[in-house]
Colleague: 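Next up is a structure, given as structure tokens.
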Amino acid sequence: MANRSVVPFGPQHPVLPEPIHLDLVMEDETVIEAVPSIGYVHRGLESLVKKKDFNEMVYVTERICGICSFMHGMGYCSAVEKIMNVEVPRRADYLRTIWSEMSRLHSHLLWLGLLADAFGFEALFMQSWRLREKILDMFEISTGGRVIFSVNKIGGVLKDMPKDMLKSFVAILNDMEKELSETTSVFLNEYTVRSRLEGVGIITKEDAIRRGAVGPMMRASGIEVDMRKTGYAAYSDLDFEVITSDKCDSLARCQVRIGELFQSIAIIRQAVDKIPEGEISVPVKGNPDGECFMRLEQPRGEAFYYVRANGTKFLDRMRVRTPTFANIPAMLQTLQGAQFADVPLLILTIDPCISCTER
Amino acid sequence: MEDIGNNVIKIEQVELLPVIMEKKNDDWRLAQICCAFRDGHYEVSYSFAKGYELTNYRLIVGKDETVASISRVYKSAILYENEMRELFGLGVEHIKVDYHDKLYRIDAETPFMEKEGE
Amino acid sequence: MKTMHKSPWLLHYDGSSCNGCDIEVLACTTPVYDVERFGVVNTGNPMHADIFLVTGGINSQNEDVVKQIYSQMPDPKVVLAVGTCACTGGVFKECYNIKGGVDTVIPVDIYVPGCAARPESIIDGVVKAVSLFQRKHEEEEKKKNGRHRK
């Protein structure tokens with residue numbers, strides 16, 4: 001029997017922009033077991049509900065994570081709106097949808113870049129991030145912020161996007177689509193990339209359910225679940241297919257995310273066509289009382305919000321179950337039996353967001 | 001078992017494991033476990049999802065009572081259960097991988113409980 | 001060693017930030033902003049690094065990591081705190097697990113505020129860090145030379 005050794009991985013590692021620590025139990029070059037230890041980014045922001053009132057919490061939830069910041073704010077606001085029976089104006093729903101899809105675009109491009117960096121394809125990393133800057137410019141024009149926007153509020157949104165602006169965004173996205181298909185075809189067709197991704201990190205359909213995987217991780221294992229189909233915000237009016245793959249490996253996860261990039265552009269186009277005129281927010285009076293479970297589809301998968309209010313300004317409990325938290329057990333499974341050189345890649349294929357996970 | 005609205009079904013301690021087994025055999029996935037502390041007792045919510053369906057089970061646990069771990073049925077419950085114990089001090093028995101209150105390795109002891117007393 | 005001060009290497013560590021500043025720091029190294037044109041190179045190894053760029057606040061867990069990375073870096077070194085959380089603790093200051101800004105554990109030379117800090121201000125901070133590093137480096141050289149003469 002070969003000797004077993006334990007290799008520490010992280011928290012400060014060149015491939016990870018964020019700190020997570022894994023103890024890898026190795027037998028020669030093969031990983032036998034991976035033991036995670038988290039807590040490097042744990043802030044305890046859920047406990048802030050006792051110190052900040054429910055309106056201020058919108059800004060705290062937006063800072064759970066800088067990548068899906070808009071959707072965190074939106075999920076929290078939707079949950080509180082549901083408790084207070086507030087009907088958000090339709091235009092606000094559409095604006096939220098457009099911003100959500102823009103967030104998905106920028107998040108997936110970010111992930112593609114990091115993945116390219118993980119297998120050492122520096123030029124591809126730069127290309128993906130160059131494209132991502134165009135989305136960030138659109139965010140800056142429409143909200144004023146590049147990563148943290150603070151445009152959500154309970155009862156609607158704070159900023160409107162005029163018609164000209166929306167039209168110019170669609171024009172930018174149309175141009176981008178060509179460049180995007182050039183860049184993404186490298187991921188899907190280049191044999192050096194394929195050799196790193198194909199057949200690596202397999203999660204079967206049964207395992208995905210048993211381990212509670214969500215989002216692209218789950219869809220790449222052939223499960224057709226996308227929370228956008230539950231029809232929150234304006235998604236009920238929009239037409240789109242759930243993108244799945246039944247190959248179950250890292251390449252499948254890459255394919256699903258690339259498919260979603262083009263899908264997001266199509267959704268934004270539809271939303272811009274259909275967006276109604278009108279108010280962008282309604283005044284909200286009183287304090288929330290009751291509880292609500294809210295689910296929505298973030299770039300990384302299903303996020304789960306639980307809000308418990310007691311009729312005062314301060315909430316009893318606010319809990320966020322982020323997609324990465326649900327994907328960690330699946331990630332640990334892919335690591336078992338993997339080659340040491342594939343470890344950074346496998347960690348990246350779940351699109352980890354550690355600051356989401358630890359809150 | 002009692003439906004208390006908001007898509008929540010209240011269950012008793014003894015019903016927990018049978019309910020979990022039933023969900024497991026029916027291929028539901030564990031969406032989340034959430035703990036809250038109000039009015040001197042814990043509220044533990046287990047959420048299961050299958051396709052687009054969602055069901056929540058609520059367990060009321062007294063301050064000094066313990067609750068059985070479901071990590072032997074749903075392995076992904078390990079993180080949630082360790083989190084509940086570390087942040088709320090809720091006794092969860094026989095977790096499959098026990099971090100012994102060292103999941104987040106925080107200095108404060110059961111920080112979510114201290115806030116209640118203020 | 002004489003030319004070293006012209007191209008200091010940069011090490012980025014994410015404390016307990018929300019990721020916002022992190023991805024802005026990374027965005028600074030990509031084509032649109034490209035901070036590497038000022039001679040800095042992003043590295044993953046503390047032993048090679050001259051500028052330590054920290055985002056996010058400090059909690060009990062990453063306190064030791066930050067201290068360790070700082071001690072592994074060769075002298076002279078410059079510490080750059082990027083983002084409001086790294087400067088003071090920011091919106092998370094009242095959380096039970098946040099001790100405060102980076103200066104609670106290691107000395108900080110340059111503060112870059114902003115939530116999230118904009119790439120322009122990060123670049124400004126890095127440029128300031130480069131010139132500070134050069135100054136520190138010259139002082140170090142002078143000290144060394146003085147010692148030799150005795």
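Numbered from 1 within each chain, the chains take letters A, B, ... in sequence-line order.
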Colleague: Who are the side chain to side chain donor-acceptor pair (under 3.5 Å) partners of Thr66(B), not counting sequence neighbours?
Modeller: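 With sequence neighbours excluded, Thr66(B) shows a side chain to side chain donor-acceptor pair (under 3.5 Å) to Glu93(B), given in chain and number order.
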Colleague: So does Val242(A) get a backbone contact from the side chain of Arg228(A), meaning a donor-acceptor N/O pair under 3.5 Å?
Modeller: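 Looks like no, no N/O pair under 3.5 Å.
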Colleague: Of the backbone (N, CA, C, O) and the side chain (C-beta and beyond), which part of Ile328(A) lies under 4.5 Å from a heavy atom of chain B, both, or neither?
Modeller: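 Just the side chain, heavy atoms under 4.5 Å.
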Colleague: Tell me whether Arg321(A) contacts the main-chain N or O of Glu302(A) through its side chain, where contact means a donor paired with an acceptor under 3.5 Å.
Modeller: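 Checked: pair present.
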Colleague: Could you tell me which portion of Ala213(A) (side chain, backbone, both or neither) has an atom closer than 4.5 angstrom to a non-hydrogen atom of chain B?
Modeller: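 The backbone, not the side chain.
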Colleague: Do you know which of Val8(B), Leu87(B), Leu54(B), Ile33(B) has the most heavy-atom pairs with chain A at a distance under 4.5 angstrom?
Modeller: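 Maximum pair count with chain A is reached by Leu54(B).
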Colleague: Between Glu86(B) and chain A, which part of the residue has a heavy atom less than 4.5 Å away: side chain, backbone, both or neither?
Modeller: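 Nothing of Glu86(B), per the 4.5 Å heavy-atom cut-off to chain A.
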Colleague: For Lys24(B), which atoms come within 4.5 Å of any heavy atom of chain A: side chain, backbone, both, or neither?
Modeller: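 The side chain, not the backbone.
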Colleague: Has Arg29(B) got its NZ or CZ under 6.0 Å from the middle of the six-membered ring of Phe48(B), at an angle within 45 degrees of the ring axis?
Modeller: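 Geometry flag: not set, cation outside 6.0 Å or 45°.
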Colleague: Strictly by side chain to side chain donor-acceptor pair (under 3.5 Å), give each pair with a member in residues 74-83 of chain A just once, sequence neighbours left out.
Modeller: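 Every pair satisfying side chain to side chain donor-acceptor pair (under 3.5 Å) with a residue in residues 74-83 of chain A: Glu81(A)-Arg96(A).
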Colleague: Within residues 67-81 of chain B, which residues come under 4.5 Å of chain A, heavy atom to heavy atom?
Modeller: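 Listed by number: Tyr74(B), Lys75(B), Ser76(B), Leu79(B), Tyr80(B).
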Colleague: Just checking, is any N or O donor in the side chain of Asn56(B) or Ser45(B) under 3.5 Å from an acceptor N or O on the other one?
Modeller: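 Looking only at side-chain atoms, Ser45(B) and Asn56(B) do not form any donor-acceptor pair under 3.5 Å.
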Colleague: Assess, by modelled atom type and distance only, whether the side chains of Gln32(B) and Arg295(A) contain a donor and an acceptor separated by less than 3.5 Å.
Modeller: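 No, because no side-chain N or O of Gln32(B) sits under 3.5 Å from a partner of the opposite role on Arg295(A).
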Colleague: What residues form a side chain to side chain donor-acceptor pair (under 3.5 Å) with Asp207(A), not counting sequence neighbours?
Modeller: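 For Asp207(A), the residues satisfying side chain to side chain donor-acceptor pair (under 3.5 Å) (neighbours in sequence not counted) are Thr204(A), Arg210(A), Gln333(A).
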Colleague: Could you check, using the six-membered ring where one of them is a Trp, whether Tyr46(B) and Tyr57(B) have ring centers closer than 6.0 angstrom?
Modeller: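 No.
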Colleague: Is it the backbone or the side chain of Met318(A) that comes under 4.5 Å from a heavy atom of chain B, or both, or neither?
Modeller: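 No part of it gets close to chain B.
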